[in-house]
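Below: the structure, in structure tokens.
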Amino acid sequence: MKKLIGNLSELQTLERVEKKRPGANKRIVELRALIPAPILTHYDRLMARGKKGVATIKGQVCGECHVQVPRNTILILMSGEDIQICGNCGRYLCLPEPVNPAAPPAKTKKSRGKPAALAAVA
Ligand SMILES: [Zn+2]
């Protein structure tokens, strides 16, 4: 199911942002073939109204309508067992991309060291 919402999210990006990119249409056709028809129908209905079909959850609220998403819904999404719809706006919900844990700590160490030294001088 995680893959399904990933496909839906990719499809949305392609259709809304990258439609003119070479090869985008081919990928759109591929993705549409992978997504079950009822889900695609609901997604298309939202898109036809000029809305996004997929909303990313930000800080436990729907990224599009800003209504709080029940904790249970987030847990189901995290488990990847099922796809979930926002109870308020009806968009498919997806979790934000996980932040790469390898990169930030190295930066934090550097930036943390300098201000501390400056603070000690001041
Ligand atoms: Zn919503």
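Ligands are counted one by one from 1 in listed order, and the atoms in each one are counted from 1 as well. Please read these numbers as outputs of a predicted model, since none were measured by experiment.
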Exercise. Do Glu10 and Arg27 meet the salt-bridge criterion of a basic N to acidic O distance under 4.0 Å?
Worked result: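 Here Arg27 pairs with Glu10 in a salt bridge, since their nearest N and O are under 4.0 Å apart.
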
Residues passing the side-chain hydrogen bond (donor to acceptor under 3.5 Å, both in side chains) test with Arg49, sequence neighbours excluded, are none

Notebook entry, point to check: Between Leu11 and Leu40, is any pair of side-chain heavy atoms under 4.5 Å apart?
Noted result: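 Yes; the side chains approach each other to less than 4.5 Å.
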
Note to self: For a 4.5 angstrom cut-off between non-hydrogen side-chain atoms, does Gln84 reach Val69?
What the structure shows: no

Query raised in the report: Looking at His42, Gln12, Lys51, which hits side-chain contact (heavy atoms from CB on, under 4.5 Å) with Arg91?
Result: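 The single option meeting the side-chain contact (heavy atoms from CB on, under 4.5 Å) with Arg91 is Lys51.
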
Paired with Ile83, the side-chain contact (heavy atoms from CB on, under 4.5 Å) test is passed by just one of Leu4, Leu93, Ile76, namely Leu4

Protein N/O/S atoms under 2.8 Å of the Zn ion (ligand 1)?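 Near the Zn ion (ligand 1), below 2.8 Å, one finds Cys62 SG, Cys65 SG, Cys86 SG, Cys89 SG.
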
